**Student:** 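Sending over a structure as structure tokens; questions will come in a sec.
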Amino acid sequence: MLTSHNVCSIPSAFQLTSIPGLESLHMWLSIPFGSMYLVAVVGNVTILVVVKVEHSLHQPMYFFLCMLAVIDLVLSTSTMPKLLGIFWFDAGDIGLDACLAQMFLIHCFATVESGTFLAMAFDCYVAICNPLRHTTVLAHAVVGRLGLAALLWGVLYIGPLPLMIRQRLPLYKAHVISHSYCEHMAVVTLACGDNRVNNVYGLSIGFLVLILDSMAITASYGMIFQAVIGLAIPEARLKTLGTCGSHICAFLIVYVPIAVSSLIHRFGHQVPPPIHTLLANFYLLIPPILNPIVYAVRTKQICERLLQILKIETKTK
């Protein structure tokens, strides 16, 4: 149901436009996006399987890595199947409740991912600065509680976003979302009425998650590097830097696209819509692709176990 821009109405569904301006290239765009989604799913499922079957990997670092893999699967799966449906079948219709659910999943698990990185920084700090107490401080139960705390952090902070839209903004001047998924600001800008509360809350969440978590993670790694410099054995120093390097790479892979996309959405009014939408999709798709590669390549135990599995499968054939 489409309406005139001068008429406000209650929508039964929205219409996603995928990537504005590139509608004629849908079939061609489906090839790279479909391939990247497949790589993301295979890579993260592989991480989960390798950690599950290899008991020597049942350690806090790898449990956090599994949490990261699950988060990446949720983020990519909450958007890519719908985007591919638009590319292949022009299936852009999405119900209001489904739209709000997608919005919640995307923003909630992006927040949970930030909390997981913070927990990983804490794990790395304890392992390096207080190694004798690492297994005590970060027992399996504690790791589970940290993961649950990150999930609750995401639910409590992001839960009000769809609820405020549902309760405060029932009327919309247009039902076409110029985006490939139900991003918060893309939906709020279509609403009739005062959306300042939604805007302020969204900006506050962005500040708390992006700025404060980033500062805490940066401070943690600053203390870690200070401790690493004091290590007397060069081999231990290199090993520690390699472990921290994997975390920092994953951290940058996630935070840089989020920061760029957020800044462009709010301040980059001169940026062409296709560029903005592509960047918004990349920040949900590139981290799930690169995180497994970063950890598989830079983590010796995962790499060795993965090679063992591949050799076993080759012999059985």
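Computed from a prediction, not measured in an experiment: that's the story for all the values here.
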**Student:** Go through the structure and list residues passing side chain to side chain donor-acceptor pair (under 3.5 Å) with Tyr157, not counting sequence neighbours.
**Tutor:**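 Listed in chain order: nothing, the list is empty.
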**Student:** Does the side-chain contact (heavy atoms from CB on, under 4.5 Å) test come out yes or no for Ile31 and Phe87, once each step is laid out?
**Tutor:** CA-CA 10 Å; Ile31 297 173; Phe87 286 157; over 6 Å; no
**Student:** Once rounded to the nearest 0.5 Å, what's the spacing between atom CG of Leu105 and atom OG1 of Thr79?
**Tutor:**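 If we round to the nearest 0.5 Å, Leu105:CG and Thr79:OG1 are 10.0 Å apart.
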**Student:** Quick one: side chain to side chain donor-acceptor pair (under 3.5 Å) partners of Ser178, sequence neighbours excluded?
**Tutor:**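 Per chain and number, Ser178 pairs via side chain to side chain donor-acceptor pair (under 3.5 Å) with no residue.
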**Student:** For the CD1 atom of Ile158 and the CH2 atom of Trp153, what is their distance to the nearest 0.5 Å?
**Tutor:**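 That separation rounds to 10.0 Å.
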**Student:** May I ask you to decide if Gly21's main-chain N or O and Glu23's side chain share a donor-acceptor pair within less than 3.5 Å?
**Tutor:**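 Flag set: sc Glu23 to bb Gly21 pair under 3.5 Å.
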**Student:** Determine which pairs satisfy side chain to side chain donor-acceptor pair (under 3.5 Å) with at least one residue from residues 93-111, sequence neighbours left out, and list them in order.
**Tutor:**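 Of all non-adjacent pairs touching residues 93-111, those that pass side chain to side chain donor-acceptor pair (under 3.5 Å) are Asp97-Arg166.
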**Student:** I need the Ile217 CD1 to Ser114 OG distance, nearest 0.5 Å.
**Tutor:**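 OG of Ser114 is found 5.0 Å from CD1 of Ile217.
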**Student:** Sequence neighbours excluded, which residues qualify as side chain to side chain contact (heavy atoms under 4.5 Å, CB included) partners of Val142?
**Tutor:**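 Side chain to side chain contact (heavy atoms under 4.5 Å, CB included) list for Val142, sorted by chain: Leu138, Ala139, Arg145, Leu146.
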**Student:** With sequence neighbours excluded, give me every side chain to side chain donor-acceptor pair (under 3.5 Å) pair touching residues 125-136.
**Tutor:**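 Pairs touching residues 125-136 that pass the test: Asp123-His134.
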**Student:** Listed by chain and number, what are the side chain to side chain contact (heavy atoms under 4.5 Å, CB included) partners of Leu279, not counting sequence neighbours?
**Tutor:**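 So Leu279 forms a side chain to side chain contact (heavy atoms under 4.5 Å, CB included) with Val260, Ile264, Ile275.
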**Student:** Show, in sequence, the C-alpha distance, side-chain angles and deciding distance for Val70 and Phe109, and conclude whether the side-chain contact (heavy atoms from CB on, under 4.5 Å) test is met.
**Tutor:** CA-CA 10 Å; Val70 171; Phe109 277 88; 5.5 Å; no
**Student:** Are Val49 and Val74 linked, directly or through other ILVMFWY residues, by side chains that come within less than 4.5 angstrom of each other?
**Tutor:**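 Yes, because Val49 and Val74 connect within a single hydrophobic cluster, where side-chain heavy atoms sit under 4.5 Å apart.
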**Student:** Applying ring-ring contact (aromatic ring centres under 6.0 Å, His included), name anything that partners Phe14, two or more places apart in sequence or on another chain.
**Tutor:**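 ring-ring contact (aromatic ring centres under 6.0 Å, His included) list for Phe14, sorted by chain: Tyr172.
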**Student:** Is the shortest heavy-atom distance from the side chain of Glu113 to the side chain of Asn291 under 4.5 Å?
**Tutor:**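 Yes; the side chains approach each other to less than 4.5 Å.
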**Student:** Test question: given the 4.5 Å side-chain rule for I, L, V, M, F, W and Y, name all other residues clustered with Leu38, or answer none.
**Tutor:**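 Members alongside Leu38: Val42.
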**Student:** Look at the side-chain heavy atoms of Ile, Leu, Val, Met, Phe, Trp and Tyr, link any pair under 4.5 Å apart, and say whether Met185 and Val200 land in one connected group.
**Tutor:**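 Different clusters.
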**Student:** Any side-chain to backbone donor/acceptor pair from Ser78 onto Leu75? Under 3.5 Å, distance only.
**Tutor:**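 Answer holds: yes.
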**Student:** Would you indicate whether the side-chain heavy atoms of Phe104 and Leu161 approach each other to under 4.5 Å?
**Tutor:**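 SC-SC contact between Leu161 and Phe104 ruled out.
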**Student:** Side-chain contact test, heavy atoms from C-beta onward, threshold under 4.5 Å: evaluate it for Leu84 versus Phe89 and give yes or no.
**Tutor:**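 No, side chains not in contact.
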**Student:** Who passes side chain to side chain contact (heavy atoms under 4.5 Å, CB included) against Asn198, sequence neighbours left out?
**Tutor:**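 With neighbours one apart ignored, the set is Met164, Ile165, Arg168, Leu169, His184, Val188.
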**Student:** Got a sec, which residues hit side chain to side chain donor-acceptor pair (under 3.5 Å) with Tyr62, two or more places apart in sequence or on another chain?
**Tutor:**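 With neighbours one apart ignored, the set is Gln301.
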**Student:** To the nearest 0.5 Å, how far apart are CG in Leu16 and CD1 in Ile86?
**Tutor:**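 Leu16 atom CG to Ile86 atom CD1 measures 5.0 Å (nearest 0.5 Å).
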**Student:** Once rounded to the nearest 0.5 Å, what's the spacing between atom CZ of Phe33 and atom CG of Leu285?
**Tutor:**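 Those atoms lie 7.0 Å apart.
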**Student:** Can you list the residues that meet the side chain to side chain donor-acceptor pair (under 3.5 Å) rule with Trp88, with sequence neighbours excluded?
**Tutor:**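 Trp88 satisfies side chain to side chain donor-acceptor pair (under 3.5 Å) with Ser30 once adjacent residues are dropped.
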**Student:** Under a single-linkage definition using a 4.5 Å side-chain heavy-atom cutoff for Ile, Leu, Val, Met, Phe, Trp and Tyr, are Ile293 and Phe117 assigned to the same hydrophobic cluster?
**Tutor:**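 Linked within one cluster.
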**Student:** Between Val112 and Met67, is any pair of side-chain heavy atoms under 4.5 Å apart?
**Tutor:**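 No, their side chains stay 4.5 Å or more apart.
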**Student:** Ile286 and Met36: side-chain contact (heavy atoms from CB on, under 4.5 Å), yes or no, with the steps?
**Tutor:** CA-CA 8 Å; Ile286 296 301; Met36 287 190 290; 4.3 Å; yes
**Student:** Does one hydrophobic cluster hold both Leu163 and Leu203, with members joined at side-chain heavy-atom distances below 4.5 Å?
**Tutor:**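 No, it is not one cluster - the side chains of Leu163 and Leu203 are not joined through contacts under 4.5 Å.
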**Student:** Just verifying a value: how many Å separate His175 NE2 and Ile10 CD1, rounded to the nearest 0.5 Å?
**Tutor:**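 Rounded to the nearest 0.5 Å, the NE2-CD1 separation comes to 9.0 Å.
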**Student:** Starting from the C-alpha separation in whole Å, work towards a yes-or-no answer on side-chain contact (heavy atoms from CB on, under 4.5 Å) for Ile177 and Thr17.
**Tutor:** CA-CA 6 Å; Ile177 301 174; Thr17 61; over 6 Å; no
**Student:** Holding to ring-ring contact (aromatic ring centres under 6.0 Å, His included), I want the full list of residues that pass it with Phe251, two or more places apart in sequence or in another chain.
**Tutor:**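 Here the qualifying residues are Tyr255.
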**Student:** Under a 4.5 Å cut-off applied to non-hydrogen side-chain atoms, are Ser18 and Leu83 in contact?
**Tutor:**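 Yes - at least one pair of side-chain heavy atoms lies under 4.5 Å apart.
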